[in-house]
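Following: one structure in C-alpha cells, then a few remarks.
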Amino acid sequence: MSYRFLVVVAIFVSIAGCGSSDEVASSWQVPDLSIGVPDLKQDVVKRDVVEGVEFYDILRGEFGGDSYILSSGVLDSAAVGQYMALLKRLAIDYSLESAAERAPQGNQIGDILRIRSVRNRQDAEDLSRKLQENGLIFNVVYSAQEGLETTGPFKISLLKIDLNQFDGRIVNSLAQKTIQGAETVSAMSVREKSVAGINGGYFVFNDEVGDYGAPAGIYVENGVLLREASNDRPVLIVDNSGDKTNIIFGRSVRTELFLKQGNQYIQLNGLNRKPGLLLNCGGYEGRPLMEPAHDFLCTNSNEVIAFDRNYGAFTPVGDVSELILSPDGSLVDFSKSSGTEIKEGHTYIQFSGNKFFDFNQQETMELVQRVYVDGKEFQLKPGISMVSGGPTLILDGKLADGLRARQGWNPFPRKTESDDQNTDENATLPVGIENREAFYGNWVLRRHPRTAIGLTAGNILYMAVVYGRNPGVSEGATITEMSNLMKALGVDHAMNLDGGGSSIMVLNDQPTGPFSDPQERMVSDAIFLVANE
C-alpha cells in the first residue's frame, strides 16, 4: 500500500502541555522520514521554541491491519530443525523466514519461525504457553513491531536546532548528580531549567549487573572524567568551552587509567564502577569478551578500580584491599576495609583478586587519565562533556551499518565462553539457544522506541525520538530505520542513544509522546537545551 507524502502545518493550542500557539508557515518542511513502507502520509505540527530551535510533532502513517503473531526470534540451524519437528507434531502452521537484514559482516544471521494464525493477543498468549509446555519458546509480538512491512502509525518528535542562531547551551545532566541513582528526564529538565531535551546514554538497569543508574560507558561532565569508556563504542562530545556549543561525534572512544608512583605504574580497569561487573564489556581484561558487546555482562575477578566523590557517599563493599589518597596524592590509609565514606577531593583505589601495587608509603601517587577519540588523545577541559551511545547511524553522510559489529552489536563475536549472560530486557529466548545472533535480531531488527542525535555540515543539530511499543498508536523503529531517518534529514554524522522505555523527549518539562513503560522511566543522564537568561 502506498500513500502520498503530505506535510500539514496546523495551529493548535498545546503540545506537551506547553500552552502556546504554533506557526502556520515554515521555510523548511520535514522530509519523508523513511520509517515503515515508503511514501507514508506525514501530519506535521511545528512550534518555535526559542530563537534557533523548532519542534516538530509528526504522525507518520496509519493503522494498516497489523495483528499479534508469535515469533521465535533468530534461531541457529539446529534449533530451527528442532522447532519445526515439534510444530509439525503439534499440527501448528508456521512460516520459516529469513531475518529482515543481513549481519554487518554481510552474511545471514539465522532464520525466524513465525506463527500468524492467531486471532488476537489472548489467543497468542494461550498458544505461547502451550508451546512452552512442549519446550518451544515464542515471543508474542505485534506484527508492526517485528520489523516487518507496516504502515504504522509512528509518532515522532523532532527538534531542529540551528547552532549558529541558538543563544543558549546544550548540556548533559547526570541523574541525582552522582554516578549511582536514576531520575526521570522530566525531573532533570526542571532542575536544569531547560526548554527541551532528550534521554542520554545507556546505563546499568539493575544492581545485579553493576550500580543501578550508573552510565554504562564513558561519561564526562565539565571536563571531568566520571566513568571509563566501554572501549571502541561511539561517543557524543558537547563542547561548551567557547562562545557557542560545538558538537563532535566520535565513532570510537577509549580510556586509559594508571596509578603512578615515580617510575612504577599499574593499569586501572575502571573508574567509579562496581568491581567485577562491566555491562556492555569493552574493558581491560574483561571476560569472556574484551570487545564491546551491548547488553552483555562481562566479569573480572582481578581488577583495580578508582573512586571519587562523584561515585556516591561510600565505596562499594567487597573482598578487596583499599588504598586512600589525599588530594595531593599522599597515602592516607591502606587496608582490607571497604564501604568507606568518600571525602571530597580524596581518591580511593580498590584492588581485587590478584591485583596489587608495590608502592612506597612515603611517596605521593598520581592517578593518570587519558581519553582517546578515533585513535587520537582528546584533551579534557572545562566545558567538555561526553555521553556514550551507539551504534553510529551516519558517518560522513553515509549509512554506517558496517560499524555495528565493532561498536558492540556483533552477531558473531570473536570469543565467547558462555552466552548465558545476555541481558537484553526483552529477550525471552530459551537458554539453550540464546546467542548474539538472537540478540541482534531482537535489538537491531525489531521496532522499539528509539532516540537519536545528528549534525549537518551547516551546524544544524537534530534530536529525534520515535515512540514505540504502543500497538496502533506508535510502533517504534528499527536501527536501520533510524539511520534512514537521519539520512533523510541530511546529517553528516548521527548516533543512536538509549532507547526502549528510556526514549523520551521533553518540551518545557513535559513529555512529547507516550511512554512504552507504564510510567516515565528513570534514566542515568539526559541532554538538554538551556536558553540564556
Side-chain angles (χ1 to χ4, degrees), residues 1 3 5-18 22 29-47 49 54-66 141-160 184-186 189 196-199 446-454 462-486 488-489 496-521:
M1 184 177 292
Y3 292 83
F5 173 70
L6 175 66
V7 175
V8 176
V9 180
I11 297 177
F12 71 108
V13 174
S14 174
I15 292 180
C18 299
D22 303 278
Q29 289 189 336
V30 176
D32 188 305
L33 295 178
S34 301
I35 299 178
V37 299
D39 301 321
L40 290 174
K41 181 179 72 170
Q42 292 183 164
D43 294 333
V44 180
V45 177
K46 178 213 172 196
R47 173 185 176 153
V49 182
E54 298 168 349
F55 169 76
Y56 295 85
D57 185 55
I58 304 161
L59 181 61
R60 175 178 171 84
E62 60 188 14
F63 176 72
D66 291 290
V141 298
Y142 194 64
S143 60
Q145 297 168 25
E146 177 74 344
L148 303 170
E149 281 197 352
T150 182
T151 60
F154 307 98
K155 182 170 177 56
I156 305 166
S157 290
L158 181 68
L159 282 169
K160 181 185 179 188
T184 66
V185 176
S186 297
S189 177
I198 55 175
N199 64 287
R446 282 184 176 166
R447 291 191 178 95
H448 299 284
R450 308 277 187 184
T451 303
I453 186 168
Y462 290 101
M463 297 179 178
V465 170
V466 180
Y467 291 97
R469 296 184 192 157
N470 279 284
V473 177
S474 188
E475 310 301 351
T478 69
I479 285 295
T480 298
E481 287 176 330
M482 290 304 288
S483 299
N484 290 334
L485 179 153
M486 281 291 166
L489 293 171
N496 191 64
L497 293 167
D498 193 12
S502 302
S503 277
I504 187 174
M505 181 179 290
V506 294
L507 190 63
N508 291 346
D509 308 330
Q510 299 298 314
T512 62
F515 317 126
S516 63
D517 288 356
Q519 61 278 323
E520 184 179 350
R521 180 180 292 186

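These numbers come from a predicted model, not from an experiment. Values below: every heavy atom of this structure, side chains too, minus hydrogens, waters and symmetry copies.
Checked by atom type and distance alone, the side chain of Asn199 pairs as donor or acceptor with a backbone atom of Asp498 at under 3.5 Å. When atom types are taken as modelled, the side chain of Asp517 and the backbone of Gln519 share no donor-acceptor pair closer than 3.5 angstrom.
Between Leu40 and Thr151 there is a side-chain heavy-atom pair separated by less than 4.5 Å. A heavy-atom distance below 4.5 Å is not found between the side chains of Ser503 and Val466. You'll find the side chain of Arg60 reaches within 4.5 Å of the side chain of Asp32, heavy atoms only. Contact annotation: the side chain of Val465 never approaches that of Pro449 to less than 4.5 Å [non-hydrogen atoms, C-beta and beyond]. Inter-residue side-chain proximity for Ile35 and Asn484 is flagged as unmet; no heavy-atom pair is nearer than 4.5 Å. The shortest side-chain heavy-atom distance between Leu158 and Ile58 falls under the 4.5 Å cut-off. The shortest distance between side-chain heavy atoms of Leu497 and Ile198 falls below 4.5 Å. Using a 4.5 Å heavy-atom cutoff, the side chains of Phe55 and Met505 are in contact.
Of all the heavy atoms in Leu159 and Ala196, the pair that sits closest is CD1-CB, 3.7 Å. The shortest heavy-atom contact between Arg469 and Gly501 is NH1-N, 3.8 Å. Here the closest non-hydrogen pair linking Arg47 and Leu507 is CD-CD2, 4.3 Å. Residues Leu33 and Ala488 approach most closely at CA-CB, 4.5 Å, considering heavy atoms.
The ring pair (Phe, Tyr, Trp, His ring centres under 6.0 Å) test applied to Tyr462 returns Trp28, not counting sequence neighbours. Shown here are the side chain to side chain donor-acceptor pair (under 3.5 Å) partners of Arg450, two or more places apart in sequence or in another chain: there are none. For Ser474, the side-chain contact (heavy atoms from CB on, under 4.5 Å) test picks out Lys155, Tyr467, with sequence neighbours left out. Legend: residues meeting side chain to side chain donor-acceptor pair (under 3.5 Å) with Asp66, ordered by chain and number and at least two apart, are Ser143, Thr150. Applying the salt bridge (Lys or Arg N to Asp or Glu O under 4.0 Å) test to Glu481 and every residue at least two apart in sequence or in another chain returns Arg447.
Annotation: the span from Tyr142 atom OH to Asn470 atom CG amounts to 11.0 Å, rounded to 0.5 Å. Taking CG of Leu485 as the reference point, atom OG1 of Thr478 lies at 10.5 Å (rounded to 0.5 Å). Rounded to the nearest 0.5 Å, atoms CZ (Arg521) and OG (Ser516) are 6.0 Å apart. Distance check, rounded to the nearest 0.5 Å: OG1 of Thr184 to CD of Glu520 gives 4.0 Å. Separation of atoms CD (Glu62) and NZ (Lys41) is listed at 5.5 Å; rounding is to 0.5 Å. Interatomic distance, Thr451 OG1 to Met463 CE, rounded to the nearest 0.5 Å: 10.5 Å.
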message: For a salt bridge (charged side-chain N to carboxylate O under 4.0 Å, His left out) check, start with the C-alpha distance between Glu54 and Lys46, then their side-chain angles and the critical distance, and finish with the verdict.
response: CA-CA 7 Å; Glu54 298 168 349; Lys46 178 213 172 196; 3.7 Å; yes
(message) One pair to check against side-chain contact (heavy atoms from CB on, under 4.5 Å): Phe154 and Leu59. What are the steps and the verdict?
(response) CA-CA 6 Å; Phe154 307 98; Leu59 181 61; over 6 Å; no
inquiry  = Test side-chain contact (heavy atoms from CB on, under 4.5 Å) on Ser186 and Val506; report intermediate values, then the result.
reply    = CA-CA 6 Å; Ser186 297; Val506 294; 3.7 Å; yes
